[in-house]
Amino acid sequence: METASFTGLVKALFTIILIYYAAKFFMKLFLPVMAQQVVRKAQENMENQRRFYEDQQNTRQQDNYNNNANGQKSKDKPVVGEYIDYEEID
C-alpha cells in the first residue's frame, strides 16, 4: 500500500489548475462561435416556419377563392335539431 506524498499532491493540484485555465481559455475562443451558430440555426428555423404558415394561408385563401368562383357555396352549419317555441304555464 502506497502512502500519499507531498509531491503527488502538488502534481495533482497543478494538473487541476492547468486543466481549469485551459478550459477557460478555450471556452473564450469557441463559445462565441458556437453561440452564433445556435442563433443562426434558430433564425433559419423560425424563417422556415413562417414561410410554411404563409404558404398554408395562401393555399387556404386560394382554395376559398376557387370554391366561391366555381359557384360552390360555403358549408353551412349542420342542422342539429329543430327549435320548438313553447309557452310557460303558471
Side-chain angles (χ1 to χ4, degrees):
M1 188 166 164
E2 294 183 34
T3 58
S5 66
F6 182 72
T7 57
L9 177 65
V10 171
K11 283 182 183 179
L13 289 175
F14 180 72
T15 304
I16 291 171
I17 291 171
L18 183 67
I19 290 172
Y20 170 76
Y21 281 109
K24 191 174 174 181
F25 174 75
F26 285 116
M27 284 300 207
K28 282 185 181 181
L29 286 177
F30 295 118
L31 198 60
V33 174
M34 292 178 1
Q36 284 177 348
Q37 289 177 349
V38 168
V39 168
R40 188 177 305 124
K41 186 68 175 172
Q43 285 176 338
E44 288 175 6
N45 287 342
M46 289 177 68
E47 183 67 23
N48 289 340
Q49 190 176 20
R50 183 187 62 81
R51 286 182 185 149
F52 175 75
Y53 287 124
E54 283 180 353
D55 289 344
Q56 278 187 337
Q57 185 178 10
N58 290 339
T59 303
R60 284 189 200 126
Q61 288 175 350
Q62 188 66 28
D63 288 346
N64 288 340
Y65 176 76
N66 289 340
N67 287 341
N68 291 336
N70 292 336
Q72 297 175 352
K73 59 181 180 179
S74 62
K75 295 181 181 179
D76 293 331
K77 293 182 181 178
V79 177
V80 177
E82 189 175 325
Y83 179 75
I84 301 174
D85 215 9
Y86 69 94
E87 290 185 22
E88 193 171 318
I89 302 174
D90 292 319

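- A salt bridge is absent between Glu54 and Arg51: the closest approach of a Lys/Arg side-chain nitrogen to an acidic carboxylate oxygen does not fall below 4.0 angstrom.
- The structure places CG of Asn48 at 11.5 Å from CE of Met46, a figure rounded to the nearest 0.5 Å.
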Could you go through residues 7-15 and list every donor-acceptor pair under 3.5 Å that involves a side-chain atom there, pairing it with any protein atom two or more places apart or in another chain?
from	atom 1	to	atom 2	distance (Å)
Thr7	OG1	Ser5	OG	3.3
Thr15	OG1	Lys11	O	2.7

Mind listing the side-chain donor-acceptor pairs of residues 24-45 below 3.5 Å, one per line with the distance, residues two or more places apart or on another chain?
none

